[in-house]
Trainee: 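The following block contains the structure, expressed as structure tokens.
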Protein chains: 2
Amino acid sequence: MQYETHVRSVLKTISWRIFATIITTSLVFVFTRKIEVALFIGGIEAVCKMIFYFFHERTWNKIKFGKKEIKPFVLWFTGLSGAGKSTIADGVYDYLIKKGCKVERLDGDVVRSVFPNTGFSKEERNSHIKRVGFLASLLEKNGTIVISSFVSPYQEARDFVKEQCDNFIEVYVSASVDVCEQRDPKGLYKKVRSGEIKNFTGIDDPYEPPKFPTIVVDTARQTIDESFERVKNHIQKYLN
Amino acid sequence: MQYETHVRSVLKTISWRIFATIITTSLVFVFTRKIEVALFIGGIEAVCKMIFYFFHERTWNKIKFGKKEIKPFVLWFTGLSGAGKSTIADGVYDYLIKKGCKVERLDGDVVRSVFPNTGFSKEERNSHIKRVGFLASLLEKNGTIVISSFVSPYQEARDFVKEQCDNFIEVYVSASVDVCEQRDPKGLYKKVRSGEIKNFTGIDDPYEPPKFPTIVVDTARQTIDESFERVKNHIQKYLN
């Protein structure tokens, strides 16, 4: 909950008074041509209006009308490992932070590092995504924009998240397994091929592409900047 | 993120102008005794100051100084089933909502109903509490007060939550198993005695009382109102 301090009201009172008294004094002088009258009226006005202005400010601080919160939303990036989810999500996060928004970044790798024992079976993956979705929905409900990047391979879990949230934007970061394997930014595909990792989405575990994604970005054909622009343009309506 | 609309600034401009012009016109009249001069100066002042006041407001809306957020905290109620956690927590929640605070209520029963497959082994209980704690800490970080009521029987999990949060207030709702069983608000103790429920905290599953709770309320000796007052008094320092 935000509120305004008394010091802020005092400073506003002073800044306005300096400004306003110069105008009043000048006006009285122009129309009466009497410098003493102008200064006298200006002086008395300054003192009594300062007091009134301060209480006018404090009264308005109790009035909620016209104080608005930016409409929060949950921006959910889904796609294979190496598709570019985190990179684009980080870009959107930085963009929103610079705009002064309250925003939380949830990333698959980071959240899994907090809960290292989360498994990779269909049930465990879905429970994990559902819990993250619940978390995202509570943040959204309390006025925080959420930028999530999770492989989130199953439609069922993503649908659950969508239902929990008020404004759910599903971004399908599309890139073929071949393209992702060529990039292999974390060296995971290499480990899968050597048999070090099992149940890896796209290789020996399924990925269900979103049926009705809000936005699709194809990082095999678009640059990261182009993909970012596409997402950025879409979220503008929530920021105004 | 909160911001002020232009309509709010326009209304403030008008309300101040009505007020201020009456003062200026009266002052000029008192000192010049010329009603035409007083009205003329008042009129011109009204028009040009309205414009200046509006831009003064818009400029101050861009200045963050003196805009403060209430310091959020995580109020964590722990204790046996039937000790009175939810009742006191609900009271604190209502109190904070009435004060206009942004506050989220997390309750063991409610959260478990969202994730019905959460088990009751030590490991599963702790994972559950840790995930809820992570959620609470993110809400707190984003300016929301969190009121949690969970049996949360293990010190380890509660310590994990404490570490994640900035302002963690551990409220130990103390009442003996006998007292809780006598109350048995949800009929759970009855089901335990009939063998319908297993691994029930306090009966056939351990409860580790907090080593260093921030607040202890003994609902066997204190009324709910007295317990509520105790918690209410403690959180005052965060609300000013």
Side-chain angles (χ1 to χ4, degrees), chain A residues 1-12 15-16 19-20 23-24 27-28 30-32 34 37 40-41 44-45 48-49 52-53 56-57 59-60 63-70 99-104 106 111 114-115 117 123 127 130-131 134-135 138-139 141-145 164, chain B residues 1-12 15-16 19-20 23-24 27-28 30-32 34 37 40-41 44-45 48-49 52-53 56-57 59-60 63 65-70 99-104 106 111 114-115 117-118 123 127 130-131 134-135 138-139 141-145 164:
Chain A
M1 192 179 62
Q2 212 185 41
Y3 65 100
E4 302 194 357
T5 62
H6 280 66
V7 179
R8 180 181 168 92
S9 297
V10 167
L11 284 184
K12 274 188 82 173
S15 81
W16 170 250
F19 213 37
I23 300 174
T24 304
L27 276 175
V28 177
V30 166
F31 291 101
T32 64
K34 288 177 188 161
V37 174
F40 196 66
I41 289 177
I44 292 191
E45 192 219 23
C48 62
K49 281 207 191 152
F52 283 118
Y53 185 99
H56 185 257
E57 274 298 297
T59 306
W60 269 93
I63 299 169
K64 281 190 180 166
F65 178 85
K67 287 190 173 181
K68 287 220 170 169
E69 299 269 358
I70 276 190
K99 277 191 85 97
C101 294
K102 206 157 77 178
V103 50
E104 185 65 49
L106 298 176
V111 176
V114 182
F115 308 112
N117 293 325
E123 203 196 316
S127 294
K130 286 177 184 181
R131 280 188 293 253
F134 180 64
L135 192 166
L138 286 191
L139 286 167
K141 197 181 123 201
N142 284 286
T144 304
I145 297 170
Q164 301 272 315
Chain B
M1 190 177 62
Q2 211 184 41
Y3 66 98
E4 302 195 357
T5 62
H6 280 65
V7 178
R8 181 180 167 93
S9 297
V10 167
L11 284 185
K12 275 188 82 174
S15 81
W16 171 249
F19 213 38
I23 298 175
T24 303
L27 276 176
V28 176
V30 167
F31 290 105
T32 64
K34 290 175 187 160
V37 173
F40 196 68
I41 289 176
I44 292 191
E45 192 219 22
C48 63
K49 280 205 191 154
F52 281 119
Y53 185 98
H56 185 257
E57 275 296 296
T59 306
W60 269 94
I63 299 169
F65 178 85
K67 286 190 174 180
K68 288 221 169 165
E69 299 268 359
I70 276 190
K99 277 192 84 98
C101 295
K102 206 156 78 178
V103 50
E104 185 65 50
L106 298 175
V111 176
V114 183
F115 308 112
N117 294 324
T118 312
E123 204 195 317
S127 294
K130 285 177 184 182
R131 282 189 292 252
F134 179 64
L135 192 165
L138 287 190
L139 286 166
K141 198 182 123 199
N142 284 286
T144 305
I145 296 170
Q164 300 273 316

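In what follows, every chain begins at residue 1, and chains take the letters A, B, ... in the order their sequences are listed.
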Trainee: For A:Thr144 and B:Lys141, run side chain to side chain donor-acceptor pair (under 3.5 Å): C-alpha distance rounded to whole Å, both residues' side-chain angles, the deciding distance at 0.1 Å, then the answer.
Mentor: CA-CA 10 Å; A:Thr144 304; B:Lys141 198 182 123 199; over 6 Å; no
Trainee: Considering all heavy atoms of both residues, which atom of B:Ile41 and which atom of A:Val28 are nearest to each other, and what is their separation?
Mentor: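 Closest approach of B:Ile41 to A:Val28, heavy atoms only: CD1-CA, 3.6 Å.
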Trainee: B:Ser15 versus chain A, heavy atoms under 4.5 Å apart: side chain, backbone, both or neither?
Mentor: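 Contact with chain A involves both backbone and side-chain atoms of B:Ser15.
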Trainee: What residue in B:Val7, B:Thr59, B:Ile44 has the most heavy-atom pairs under 4.5 Å with chain A?
Mentor: B:Ile44
Trainee: Checking heavy atoms, do the side chain of A:Leu11, its backbone, both or neither come under 4.5 Å from chain B?
Mentor: both
Trainee: Evaluate the side-chain contact (heavy atoms from CB on, under 4.5 Å) criterion for residues A:Lys49 and B:Trp16: first the C-alpha distance (whole Å), next the side-chain angles of each, then the deciding distance (0.1 Å), finally the verdict.
Mentor: CA-CA 10 Å; A:Lys49 281 207 191 152; B:Trp16 171 249; 4.1 Å; yes
Trainee: Can you tell me how far the CZ atom of A:Phe40 sits from the CG atom of B:Leu27, to the nearest 0.5 Å?
Mentor: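 Answer for the CZ-CG pair, A:Phe40 versus B:Leu27, is 9.5 Å.
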Trainee: For each of B:Phe31, B:Trp60, B:Tyr53, B:Phe52, tally heavy-atom pairs with chain A at distances under 4.5 Å, and name the one with the top tally.
Mentor: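 Option with the greatest count: B:Trp60.
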Trainee: Under a 4.5 Å cutoff for heavy-atom pairs, which residue among B:Leu135, B:Thr24, B:Asn142, B:Val114 has the most contacts with chain A?
Mentor: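 Answer, by heavy-atom pair count under 4.5 Å with chain A: B:Asn142.
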Trainee: If you take all heavy atoms of A:His56 and B:Lys12, which pair is closest and at what distance?
Mentor: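 Looks like CE1-O, 3.5 Å.
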Trainee: Using non-hydrogen atoms only, which part of B:Val37 is less than 4.5 Å away from chain A: side chain, backbone, both, or neither?
Mentor: side chain
Trainee: Can you name the nearest heavy-atom pair linking B:Ile63 to A:Arg8, along with the distance?
Mentor: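 That closest heavy-atom pairing would be O-NH1, 2.7 Å.
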Trainee: Which one, B:Ile145, B:Leu138, B:Val103, leads in non-hydrogen pairs under 4.5 Å with chain A?
Mentor: B:Leu138
Trainee: What residue in A:His6, A:Glu104, A:Arg131 has the most heavy-atom pairs under 4.5 Å with chain B?
Mentor: A:Arg131
